[in-house]
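Nothing here was measured: the structure is a model prediction, and the numbers come from that model.
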Amino acid sequence: MGLLTLAVMLSIVGAPKKGQAMNVKEVTVVNKSKTKIQVKWKLKKKIRNKVSQIRIYRTTKVNKDLTDRKNLTKIATLSGKKKSYIDKVKFNKNYAYEVVAYQKKGKKYKEIGSERCYAYSGVAKTVWEEYSFCDAMTTPKMIPIKVSMGGLGFRPDGFQIYRSTDGKNFKKIKTIQKKSWLLSYKDQTVQSHGTYYYKVRAFRTIGKKKYYGVFSLVEKHSAVNYIGKYSVKLISEEGNAVPSLTVCLTSDAGNGDLVLEKECWGQLCVDDSKSVTLNLSQYSYDGKTWYSLTDKQAVVKPGQSIYLKFEYENGTPFAFNIGKTVTQIEDCNAGYANNDLAYLLTIDFMKMEASVCVNKEMYH
């Protein structure tokens, strides 16, 4: 049948002994069949002629401390000339291997190098691209899907994407034939402002039968502007001693529902090196009836306007002159009702625009 797939893992668990660093290198695994994994390795030139024996250790308990060889079982003793070993395995199992090189001195063997690697005997497992839950560049018409396989197991022949609107009842929306360790797909069948749950799995034909990998974790996304956009209207007058600052924000139609935190404040940027903390004391939907954030939750719908009143500590007047003393208010605590992420609201007085972005420092 020939070579089915190659899965490479160059992972060192723990530090090698002093003087033995990387003497055994480039330990890789090849999935030969459902029940056979080939372990391959290379020796550093300086020890090749010294190696008398190679020992292979293995475990299925891959979360154990692999620096302690008591957690592994010796499965083979080979000649020092060997460069590979085929292990009999069970389908859909995780394995960890250690290749240990020994030099014979008299009647004893001395360890002179070792290296470890991982393997998986099933179809590669699907994982979301790191931080995709908060970095996905969504729009009202598209949600991007990005997954990878981690390089272990049989390389997929393709992928299946499942979607749900409630996180429970999933339906397959797309089958993609693609021999790859990576998948990038744009779901353009979404409804604007809809919230969706996704999971992905890979498949591979081995022999004449199609096998499926395990599903990825479920990831939630909404079809809204990844960066919320708002127009800004200044209600307060500028001055050197203003008691409060009132602005009106109007939400773009493609935004999600903006939720302002009960304790909301922002940094009024005075210059490149100085800022003043302002508290969001009140808000209004018409500029007449005002609410406290602690009395009623502030939610801004797409296309809706909201008036925000900021005050300095204890109501002390402060200087507010656009372009001279201030440029923007930044880092106001906010959120989108469509998901569970934390956001930051920034009001740019130079452009009279505002934006809402994911607070990436909380997740990266």
Side-chain angles (χ1 to χ4, degrees), residues 1-125 149-156 181 204-207 211 213:
M1 180 162 38
L3 185 64
L4 290 177
T5 190
L6 173 66
V8 180
M9 180 65 181
L10 302 178
S11 177
I12 304 173
V13 185
K17 294 181 180 180
K18 187 176 180 180
Q20 297 178 10
M22 298 303 290
N23 281 339
V24 180
K25 59 179 183 176
E26 296 182 33
V27 179
T28 61
V29 290
V30 179
N31 291 64
K32 303 293 286 185
S33 72
K34 288 168 52 183
T35 57
K36 291 181 180 180
I37 287 178
Q38 184 181 38
V39 184
K40 303 169 70 176
W41 59 89
K42 292 182 180 180
L43 301 176
K44 257 195 171 181
K45 187 176 181 179
K46 67 178 183 179
I47 71 161
R48 282 177 196 161
N49 295 328
K50 298 179 181 179
V51 177
S52 306
Q53 191 179 90
I54 296 289
R55 298 177 191 174
I56 310 295
Y57 292 81
R58 187 190 75 180
T59 182
T60 56
K61 299 176 181 179
V62 296
N63 294 323
K64 290 280 188 177
D65 178 11
L66 300 186
T67 61
D68 185 350
R69 203 162 289 157
K70 292 179 181 179
N71 291 321
L72 296 96
T73 301
K74 186 173 69 172
I75 60 172
T77 301
L78 311 171
S79 162
K81 303 294 183 181
K82 292 287 187 179
K83 298 180 181 179
S84 67
Y85 172 76
I86 293 182
D87 184 29
K88 293 182 179 180
V89 298
K90 293 182 179 180
F91 192 47
N92 288 336
K93 289 285 186 180
N94 290 302
Y95 294 91
Y97 293 94
E98 183 175 22
V99 179
V100 187
Y102 289 87
Q103 180 182 16
K104 189 175 183 180
K105 289 194 172 183
K107 294 182 179 181
K108 295 184 178 181
Y109 288 90
K110 178 185 176 182
E111 180 180 334
I112 59 174
S114 66
E115 180 62 296
R116 307 174 188 90
C117 73
Y118 293 95
Y120 179 61
S121 59
V123 179
K125 298 177 181 180
M149 315 312 297
L152 294 179
F154 289 96
R155 188 185 70 177
W181 294 104
R204 168 83 183 218
T205 300
I206 304 174
Y211 293 90

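For the residue pair Tyr97 and Asp87, a side-chain donor N or O sits within less than 3.5 Å of a side-chain acceptor on the partner.
Taken from CD1 in Ile54 to OG in Ser79, the straight-line distance is 8.5 Å, to the nearest 0.5 Å. Rounded to the nearest 0.5 Å, atoms OG1 (Thr28) and NZ (Lys42) are 8.5 Å apart. Distance CG/Leu152 to SG/Cys117: 8.5 Å, rounded to 0.5 Å. Rounding to the nearest 0.5 Å gives a distance of 10.0 Å between CD of Glu111 and CG of Asn23. The line from CD of Gln53 to NZ of Lys104 is 9.0 Å long, rounded to the nearest 0.5 Å. Going from atom CD of Gln103 over to atom NZ of Lys50 covers 6.0 Å, rounded to the nearest 0.5 Å.
Nearest approach of Ala96 to Leu66, heavy atoms of both residues: CB-CD1, 3.6 Å. Nearest heavy atoms, Ala124 versus Trp181: CB-CZ3, 3.8 Å.
Using a 4.5 Å heavy-atom threshold, the side chains of Gln38 and Ile86 count as touching. The shortest distance between side-chain heavy atoms of Val30 and Lys40 falls below 4.5 Å. Within the 4.5 Å cutoff, side-chain heavy atoms of Asn94 are placed close to those of Lys125. Proximity of Val39 to Arg58: side-chain heavy atoms (C-beta onward) are nowhere separated by under 4.5 Å. Between Thr77 and Tyr102 the shortest side-chain heavy-atom distance does not fall below 4.5 Å.
Applying the 6.0 Å contact sphere to CG of Asn49 captures no more than 12 heavy atoms from other residues, nucleotides or ligands.
Pairs passing the ring-ring contact (aromatic ring centres under 6.0 Å, His included) check and including a residue from residues 38-85, sequence neighbours excluded, do not occur.
Side-chain atoms of Arg204 come within 3.5 Å of backbone N or O of Arg155 as a donor-acceptor pair. Put simply, the side chain of Ser121 gets close to the backbone of Lys90: a donor and an acceptor are under 3.5 Å apart.
For the side-chain contact (heavy atoms from CB on, under 4.5 Å) criterion with Glu98, the lone passing option out of Lys74, Arg55, Arg116 is Arg116.
Scanning for side-chain hydrogen bond (donor to acceptor under 3.5 Å, both in side chains) contacts around Tyr211 gives Lys34, with sequence neighbours left out.
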List the steps, then state whether side chain to side chain contact (heavy atoms under 4.5 Å, CB included) holds for Leu43 with Val24. CA-CA 5 Å; Leu43 301 176; Val24 180; 3.8 Å; yes
Side chain to side chain contact (heavy atoms under 4.5 Å, CB included) for Tyr120 and Val62? Distances and angles first, verdict last. CA-CA 11 Å; Tyr120 179 61; Val62 296; over 6 Å; no
Walk me through it: do Thr59 and Asn71 pass the test side chain to side chain contact (heavy atoms under 4.5 Å, CB included)? CA-CA 7 Å; Thr59 182; Asn71 291 321; 5.7 Å; no
Test side chain to side chain contact (heavy atoms under 4.5 Å, CB included) applied to Phe154 and Met149, step by step: CA-CA 10 Å; Phe154 289 96; Met149 315 312 297; over 6 Å; no
